[in-house]
Amino acid sequence: MLDPFGKKARKIIEDFGGIEAFLERIPGYIGIDEVLERVTWDGEPPEEVLNAEEWRDLMTFYALLGALALSPYGFEMELVRDKNAEIYLAKLRNAENLEETSLHVKRISEGEIPEKDRLILEKSRHKELSEEDRRKLRIEYKMWLRHFILLWEGSLKDVYIRNSWAYLRRGDLLNLWKKAFERNLERAVNMLYDVRDELPEFYSALREKLSEVAREKFKERIEAMGSVGAQPLRPDLFPPCVKKALEGVGSGMRNYAITVLLTSFLSYARICPNPPRRDVRIKDCVEDLSIIEREILPLIIEAGNRCRPPLFEDQPNEIKNIWYHLGFGFTDKPSLEDSGNSTWYFPPNCDKIRANAPDLCRPDRFCRGIKNPLTYYLRRLYLERGEGGE
Ligand code: SF4
């Protein structure tokens, strides 16, 4: 397979009944060790990975995406993204035709570029150039300007543009492809995040193994950063809906904004940003309640006090509801052992927030493709670490 997000790949996935059905079938065809071969190599991508049959290539790649949906925006994502970009780039470098990729490109036809322009662009009169250099300078493809500008990060002055097409050399195209691949990968992981609880057990086991490989691979960076799990909150990177809830809201939205959204978001973001499983409890992640009592509850109570009218003044029992949403049952004096008496509510998805409290959702550019405020936050942390390439 030349591009796991290209037309051909999409057709294979559709024939399986769509992405969810495809992910369900994968464990019946391939094993975890085979999937890990895509991320455990050094130097050049292994021949058996490069030459795998198309369906096998697609399955091993999408298996990794399924595992990433359980753990988005961590070192695992960086590992999968970089190793697989190299695998596909190695194939694309040798490919005859790049029209099959997810990029909307066409091969240019004879005479399409005026000869005098071609002479300049391809430096045809520079006799000193080697055959290899000439090949690199050759303009081979064109891409619609409106697709091109979404991916191009340089100046438009550096590009030959004619009749709303950008004309490209193979090297430019491969750089654009890498950018598109990274975006497509992120988009797919966010899409799968929505269905992560329905994925077969295979993906949890794969995620465990993938985390081991990533921890080993990025050992030094992880040690330099400290923990990659629980870490101090970064309110500057919170999504707009959470920032708005923190400012306090009017009476119609108070309970939803404070008890449902803030309580779940702040607790997961601080204690367990990437929960290993659905039924995780706070006592699985911390040894005492000090983080909740000293860092999380004060933020929730202050936001409640900023509401109009203040939430806890006319609803003093709402504090018990906060503990209930944290998984301690309906109480105002919990101990760590009470964790698990109720469900630790996960932050609601964006579509739920928009349905229940539309005024909270004021998307910014980082919300693009995001399905849950917690993944927004993980994404911002990931970009801050310089891993997202944005
Ligand atoms: S898109 Fe999602 S994360 Fe962004 S503001 Fe709306 S609800 Fe929050």
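Order of listing sets the numbers, starting from 1, for every ligand and every atom in it. For reference, positions follow the sequence shown, starting with 1.
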Practice task
Anything protein N/O/S under 2.8 Å from atom 6 (Fe) of ligand 1? Just list residue and atom, please.
Solution key: C361 SG
Handout entry: Interatomic distance, L289 atom CG to I282 atom CD1 [nearest 0.5 angstrom]
Key = 8.0 Å
Practice task
Assess the pair W144 and F148: is the distance between their ring centroids shorter than 6.0 Å?
Solution key: no
Handout entry: Rounded distance (nearest 0.5 Å) linking atom OG1 of T60 with atom CG of D33
Key = 13.0 Å
Problem - Exercise: do D364 and Y376 side chains pair donor with acceptor under 3.5 Å - result: yes
Practice task
Please round to the nearest 0.5 Å and tell me the distance separating atom CD1 of I271 and atom CG of L266.
Solution key: 10.0 Å
Practice task
Would you please say whether a donor-acceptor pair under 3.5 Å links the side chains of Y141 and E99?
Solution key: no
